[in-house]
Amino acid sequence: MLNNNFNELVHKYKKYRNKKRKKVALIFIAFFAIIGAIFYFFNKSSLMQIPQENIQKNQNVTTSETTPAKTEEQITQNNSLPPITKPKTQEPKNITKSTPTSTENKSAISSPKKEQEFELKVSSSKNLYQLLVQHKNDKSYKSAIEIAQFYYNTKNYKKAVKWAIEASKKDPKQAKAWIIYAKSKVALGKTDVAKKALAIYLKHNFSQEAQDLLNSL
Amino acid sequence: MNRFAEAKELFKDDFDLSGYFDSLTFEYAKKQLIDAMQSHDVPLVFLMGDPGTGKSFLLNYVQQKVSSVKVAKYFTHPYFDTKEFLETLVSLAGKNVEHNEYRSETLVNTLKKHFHDLEYTIFIDEAQLLTEEQIELIRILSDQGIFQFVLAMHKEEGQTILKKSHFRSRTNKQIFIETLTNQEVERYIENRLLSHNLSDVASMFKPSHVRFITKYSENNFRTTKKILKTLFEILNIATRENYTKYMKINETTLTMAVIDLGLLDVE
């Protein structure tokens with residue numbers, strides 16, 4: 001003879017089984033929540049380190065990559081972004097940089113034109129290698145600015161500066177290159193350089209975005 | 001009657017001596033007890049163990065099966081007063097004692113004439129319930145070599161009683177019966193079923209099932225038997241009512257058995 005009626009016993013068993021399953025499910029959820037939290041905080045702290053470290057050095061950093069823009073006249077003469085010394089690159093070796101032609105470098109001082117709005121769409125499916133190969137093939141402003149944007153998005157500000165300069169050489173009138181340049185310089189702790197660059201660009205060109213950025217600095 | 005109904009009958013909680021199982025702890029305790037009884041020089045033997053380990057079974061077994069020792073009387077419980085106790089013992093000698101002639105000293109002297117040199121043994125079960133008066137009487141009878149006493153008691157209470165002045169300074173023997181090992185539980189189930197031609201039922205048990213049983217029984221013999229009996233009752237009902245889901249030995253039916261016994265709290 002059982003102490004409980006059979007059906008009652010089955011009911012009690014099911015109750016126990018459901019309770020046990022809930023407990024196991026809770027343990028799994030808690031486990032994955034902890035893993036997720038650790039992953040999130042780890043990622044956050046590692047990404048925050050790069051710009052913060054650079055900003056702390058903003059006072060006395062001398063550029064090895066770029067020569068500082070000494071005077072406005074010097075910059076105005078070239079009417080382009082300040083020249084840079086050849087930086088070390090991490091690009092694939094088979095890709096060579098093209099040196100811009102003089103005609104490409106010069107841009108006539110003309111009446112301010114509305115910049116052509118250039119919608120940058122760096123496809124998420126394109127990786128860096130694809131962009132660099134594309135630039136090697138076409139050597140265009142478009143591919144250069146995509147690379148600059150890629151580096152900016154991935155917080156590689158030094159490379160973003162370099163490629164923004166490359167893009168501006170291809171088409172100095174385009175504001176985007178100057179904007180990426182200025183934002184990268186700010187991230188690297190060189191706000192003054194950023195302001196000067198934007199001011200120079202806006203002297204000869206019109207861009208609301210560039211103006212807003214300069215106003216915010 | 002289906003196989004499970006037959007199997008259920010094998011695990012009743014009784015003193016059926018056909019259910020004898022030669023676990024290591026039981027065999028060792030049995031040997032020590034028989035040796036102490038045969039030696040006639042140990043007036044007091046304390047047989048200790050947790051409830052359900054087989055103390056009462058051992059006393060029953062020795063009383064009924066071991067012819068080389070003399071058990072005068074087996075008290076299954078200590079619920080007697082001094083007078084009743086002495087009258088019972090005196091009646092063993094064959095003498096009829098009248099109620100109004102009772103005097104303890106006279107009764108003790110009568111017992112002395114008939115019983116001596118610890119030739120006969122008295123078993124008292126559940127001895128942890130003995131009163132001080134009873135303990136004193138036992139001391140007198142054992143000190144005078146009239147009877148050897150085997151007191152079966154729970155381990156915990158036994159340790160406390162042993163510290164009493166009545167026993168501390170006297171020669172005694174302590175015998176312990178412990179719980180079964182996991183392998184012994186498995187062997188017990190197998191042997192019990194096979195010896196009654198239930199090999200098909202025995203083959204249903206897997207090592208994981210035995211582990212489950214030992215977990216909830218804590219290797220206690222009585223609890224193990226209860227779990228098995230309840231399990232087979234569940235399987236018997238399921239077979240009879242054609243509840244196919246519950247006709248096998250598995251974690252479900254084992255869990256139902258321990259729930260029914262109150263060994264697992266569902267709330």
Side-chain angles (χ1 to χ4, degrees), chain A residues 1-53 90 92 121-130 150 153-156, chain B residues 1-14 52 208-209 211-213 215-217 220 222-267:
Chain A
M1 286 291 287
L2 296 174
N3 294 327
N4 295 279
N5 169 274
F6 193 90
N7 291 329
E8 206 178 294
L9 194 54
V10 170
H11 173 74
K12 281 187 179 182
Y13 166 73
K14 284 179 179 172
K15 191 176 172 184
Y16 165 76
R17 185 193 60 191
N18 291 341
K19 199 174 161 186
K20 195 175 167 187
R21 282 178 182 171
K22 275 181 200 170
K23 197 175 169 185
V24 170
L26 276 170
I27 289 168
F28 264 105
I29 290 167
F31 176 74
F32 283 113
I34 290 167
I35 298 291
I38 291 169
F39 183 73
Y40 171 75
F41 284 116
F42 177 76
N43 261 357
K44 196 175 176 185
S45 64
S46 63
L47 288 171
M48 285 294 287
Q49 272 178 9
I50 300 165
Q52 278 176 3
E53 282 169 3
Q90 293 173 5
K121 290 176 185 173
V122 179
S123 163
S124 60
S125 62
K126 278 190 183 176
N127 59 26
L128 176 64
Y129 180 71
Q130 287 172 332
F150 179 94
N153 291 345
T154 54
K155 296 182 171 56
N156 193 337
Chain B
M1 190 160 66
N2 64 54
R3 307 295 269 164
F4 297 128
E6 283 179 57
K8 185 188 76 170
E9 298 301 316
L10 301 176
F11 298 101
K12 283 184 189 171
D13 187 20
D14 56 20
S208 59
H209 302 151
R211 277 197 299 273
F212 185 99
I213 291 169
K215 178 186 167 188
Y216 285 96
S217 70
N220 182 280
R222 180 182 292 153
T223 314
T224 301
K225 284 163 71 176
K226 277 184 176 175
I227 292 173
L228 290 164
K229 182 168 174 280
T230 308
L231 170 69
F232 288 124
E233 177 62 16
I234 290 168
L235 296 169
N236 176 35
I237 294 171
T239 306
R240 212 172 54 211
E241 305 296 327
N242 205 28
Y243 299 141
T244 50
K245 203 175 169 185
Y246 306 102
M247 279 163 58
K248 286 187 290 186
I249 298 176
N250 52 30
E251 196 178 328
T252 301
T253 46
L254 282 165
T255 306
M256 286 167 70
V258 298
I259 289 173
D260 189 62
L261 288 169
L263 297 172
L264 180 60
D265 187 13
V266 176
E267 300 305 323

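Note that the coordinates shown come from a computational prediction; the quantities given were computed from them, not determined experimentally. Reckoned from all heavy atoms, side chains included, excluding hydrogens, waters and symmetry mates. In the text below, chain A, chain B and the rest are named by the order of the sequence lines, each starting its count at 1.
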Problem set entry | Between T255(B) and Y16(A), a side-chain donor and acceptor under 3.5 Å |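 No, no side-chain donor-acceptor contact under 3.5 Å.
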Separation of [Y] [atom2] from [X] [atom1] (nearest 0.5 Å):
X: N7(A); Y: Y243(B); atom1: CG; atom2: OH; result: 5.0 Å
X: K14(A); Y: M256(B); atom1: NZ; atom2: CE; result: 9.5 Å
X: T230(B); Y: L2(A); atom1: OG1; atom2: CG; result: 6.5 Å
X: N5(A); Y: I237(B); atom1: CG; atom2: CD1; result: 8.5 Å
X: M1(A); Y: D260(B); atom1: CE; atom2: CG; result: 10.0 Å

Exercise. Any idea which heavy atoms bring K12(A) and V266(B) closest together, and the distance?
Worked result: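 Result for this residue pair: O-CG1, 3.6 Å.
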Exercise. Got a sec: does the NZ of K226(B) have more than 12 other heavy atoms crowding it under 6.0 Å?
Worked result: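 Check fails, neighbour count at 12 or below.
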For this session: Answer yes or no: are there more than 12 heavy-atom neighbours, outside E251(B) itself, under 6.0 Å from its atom CD?
Result: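 Check fails, neighbour count at 12 or below.
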For this session: Go through the atoms of I234(B) and report whether side chain, backbone, both or neither lie under 4.5 Å from a heavy atom of chain A.
Result: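 Answer is both: backbone and side chain atoms of I234(B) are under 4.5 Å from chain A.
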